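First up is the structure itself, then whatever we jot down about it.
Computed from a predicted structure; not experimentally measured. Here is the naming used below: chain letters follow the sequence lines, and residue numbers restart at 1 for every chain.
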Number of protein chains: 2
Amino acid sequence: MSDPTARLDEMLAKLRERHFRITPQRLAILETLAVSDGHPSVESVFAEVRKKFPTTSLATVYKTITLLKELNEVLELGFSDGSNRYDGSKPTPHPHMICTRCKKIIDPDLTSLEQLTREASQKTGFKIVTQRLDFFGICPECLQEKTSG
Amino acid sequence: MSDPTARLDEMLAKLRERHFRITPQRLAILETLAVSDGHPSVESVFAEVRKKFPTTSLATVYKTITLLKELNEVLELGFSDGSNRYDGSKPTPHPHMICTRCKKIIDPDLTSLEQLTREASQKTGFKIVTQRLDFFGICPECLQEKTSG
DNA sequence: TCTTAAAAGATAATTATTATCGATTAGGAT
DNA sequence: ATCCTAATCGATAATAATTATCTTTTAAGA
């Protein structure tokens, strides 16, 4: 995992560079995204920010996350059932391992992804801009549990 | 691409096996999904089926596709913006190349995916059940076009 | 301190999907 | 071939995540 403080500084630098304002609510949202390594949802970011600023609106969280997406400072993991998750600590596209039992999401370090991307580009003639790779399964912790539920 | 007639027969066999009814509307939906190699949306399936049966409801299309998903006879390519697409001709998980300009989706044949999956499983301890891999970029046809738009 | 455009907050609108429910019908039984 | 009944259809309401709207507040440069 990367350094949360450094990530926060990067985000702030990007906002200042583009002359976006650093509001207290925005700062709280950035902090939450930079610190958490658990790929939080909009709702959980909202809940976290509300602890500091109880009047924060859900719309503010959405607007800030949309802005961060445009600045490539947060990675959106969209799912078609609406359970979107966000990665602020490592905002460039990378593979994810998703446990379908406990919903945990972790980042594997896969050396052979580069090779696969080359193969895809060569075989199809596509100019590849970005990619999305998710593995779904059961994490080691859940595998060890005797009872399912 | 696989044989549409064979795919349709497979789908029908699966429905009969589980004692689901073969209604004219369902048959039309299955045919559309088995024939099309362009990864259609719910709306385009709906439009196609309406040509034969103008009273078909959108709900019927949704219900049939949901059923086919449960039977593993159609692959859902869900996107968080709601632009979901469906693959009835090759219903097992496989990589996709998605052109962000013309929205075309094609199926590459990638030999090194198996190796990548092994690497992911070994490095994380996950028992991998399924996966989703999308490459986003510009297809060869769009690359050749002089003007963008 | 002043000014003003950006952002916040509250809420309405949008949109894909799901649920509901009365009407219709596929397909097995007779 | 006809009957019966649960499955399915069709129409529409409900749901839920996200986006739009609009008034009030405020960050930050002058």
Side-chain angles (χ1 to χ4, degrees), chain A residues 11-33 39-71 73-74 76-86 103, chain B residues 11-33 39-71 73-74 76-86 103:
Chain A
M11 291 178 172
L12 288 172
K14 187 73 75 81
L15 286 183
R16 290 202 185 92
E17 179 191 330
R18 308 286 188 91
H19 302 107
F20 291 108
R21 292 183 182 171
I22 316 287
T23 65
Q25 296 86 346
R26 271 189 183 164
L27 185 57
I29 294 168
L30 299 204
E31 280 171 351
T32 302
L33 287 169
H39 307 80
S41 64
V42 166
E43 280 296 334
S44 68
V45 172
F46 179 56
E48 191 63 29
V49 171
R50 277 250 177 178
K51 292 180 185 171
K52 272 194 177 179
F53 302 96
T55 67
T56 305
S57 167
L58 188 56
T60 297
V61 178
Y62 272 106
K63 282 182 280 195
T64 299
I65 287 183
T66 299
L67 175 62
L68 290 173
K69 279 196 293 179
E70 287 165 2
L71 298 175
E73 288 297 326
V74 74
E76 182 180 62
L77 288 183
F79 298 95
S80 53
D81 68 347
S83 63
N84 292 0
R85 308 275 285 268
Y86 297 87
K103 309 299 179 194
Chain B
M11 290 178 174
L12 288 173
K14 187 72 76 80
L15 285 184
R16 290 203 185 92
E17 180 191 329
R18 308 287 188 90
H19 302 106
F20 290 109
R21 291 182 181 172
I22 317 287
T23 66
Q25 296 88 344
R26 271 190 183 163
L27 184 56
I29 294 167
L30 299 203
E31 280 171 352
T32 302
L33 287 169
H39 306 82
S41 64
V42 165
E43 280 296 334
S44 67
V45 172
F46 179 56
E48 191 63 29
V49 170
R50 276 250 177 179
K51 292 180 187 173
K52 274 193 175 181
F53 301 96
T55 68
T56 305
S57 168
L58 187 57
T60 297
V61 179
Y62 271 107
K63 282 182 278 194
T64 298
I65 288 182
T66 299
L67 175 61
L68 290 173
K69 279 196 293 180
E70 287 167 0
L71 298 175
E73 287 299 324
V74 74
E76 182 180 61
L77 287 184
F79 297 97
S80 53
D81 68 348
S83 64
N84 293 0
R85 308 275 287 268
Y86 296 87
K103 309 299 177 193

Discussion item. Both A:H19 and B:A59 contact DNA chain C. Which one's nearest nucleotide lies toward the 5' end?
Written reply: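 Comparing both residues, the 5'-ward one is A:H19.
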Worksheet item: Hey, are the side chains of A:Q25 and A:T64 touching, using non-hydrogen atoms and a 4.5 Å cut-off?
Response: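 Answer no - side chains too far apart.
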Worksheet item: Heavy atoms, side chains only, cut-off 4.5 Å: are A:V45 and A:Y86 in contact?
Response: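 With C-beta onward as the side chain, the pair stays apart.
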Under 4.0 Å: is that the gap between some side-chain N or O of [X] and OP1 or OP2 of [N]?
| X | N | result |
| --- | --- | --- |
| B:Y62 | C:dT18 | no |
| B:Q25 | D:dG10 | yes |
| B:T23 | C:dA26 | no |
| B:N84 | C:dA16 | no |
| A:S57 | C:dA8 | no |

Interatomic distance where [atom1] belongs to [X] and [atom2] belongs to [N] [whole Å]:
| X | N | atom1 | atom2 | value |
| --- | --- | --- | --- | --- |
| B:K63 | C:dT17 | NZ | C1' | 12 Å |
| A:R50 | C:dA10 | CZ | C1' | 11 Å |
| B:R85 | C:dT17 | CZ | P | 13 Å |
| B:R26 | C:dT24 | CZ | P | 19 Å |
| A:I65 | D:dT19 | CD1 | P | 10 Å |
| B:L27 | D:dC9 | CG | P | 12 Å |
| B:Y86 | C:dA16 | OH | P | 12 Å |
| A:F53 | C:dG9 | CZ | C1' | 14 Å |

Item to complete: Tell me what B:S80 touches on the nucleic acid: a base, only sugar-phosphate, or nothing, going by heavy atoms under 4.0 Å.
Response: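 Since no nucleic acid heavy atom lies under 4.0 Å of B:S80, the category is nothing.
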Item to complete: Give B:P24 one of three labels, base, sugar-phosphate or nothing, depending on what nucleic acid heavy atoms sit under 4.0 Å from its own.
Response: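 Sugar-phosphate only.
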Discussion item. By nearest heavy atom, map B:L67 and A:I22 onto DNA chain D; which one lands nearer the 5' end?
Written reply: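 Closer to the 5' end of DNA chain D: B:L67.
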Discussion item. Measuring from atom CG of B:L15 to atom CG of B:L30, what distance do you get when rounded to the nearest 0.5 angstrom?
Written reply: 5.5 Å
Worksheet item: Is a donor-acceptor pair below 3.5 Å formed from side chain A:R21 to base D:dA28, judging by atom type as modelled?
Response: no
Discussion item. Strictly distance-based, threshold 3.5 Å: is any side-chain N or O of B:R85 a donor or acceptor partner for the main-chain N or O of B:H39?
Written reply: yes
Practice prompt. Using atom types as modelled and distance alone, determine if a side-chain donor or acceptor of B:K14 lies under 3.5 Å from a backbone N or O of B:L71.
Written response: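 Side chain of B:K14 to backbone of B:L71: a pair is present.
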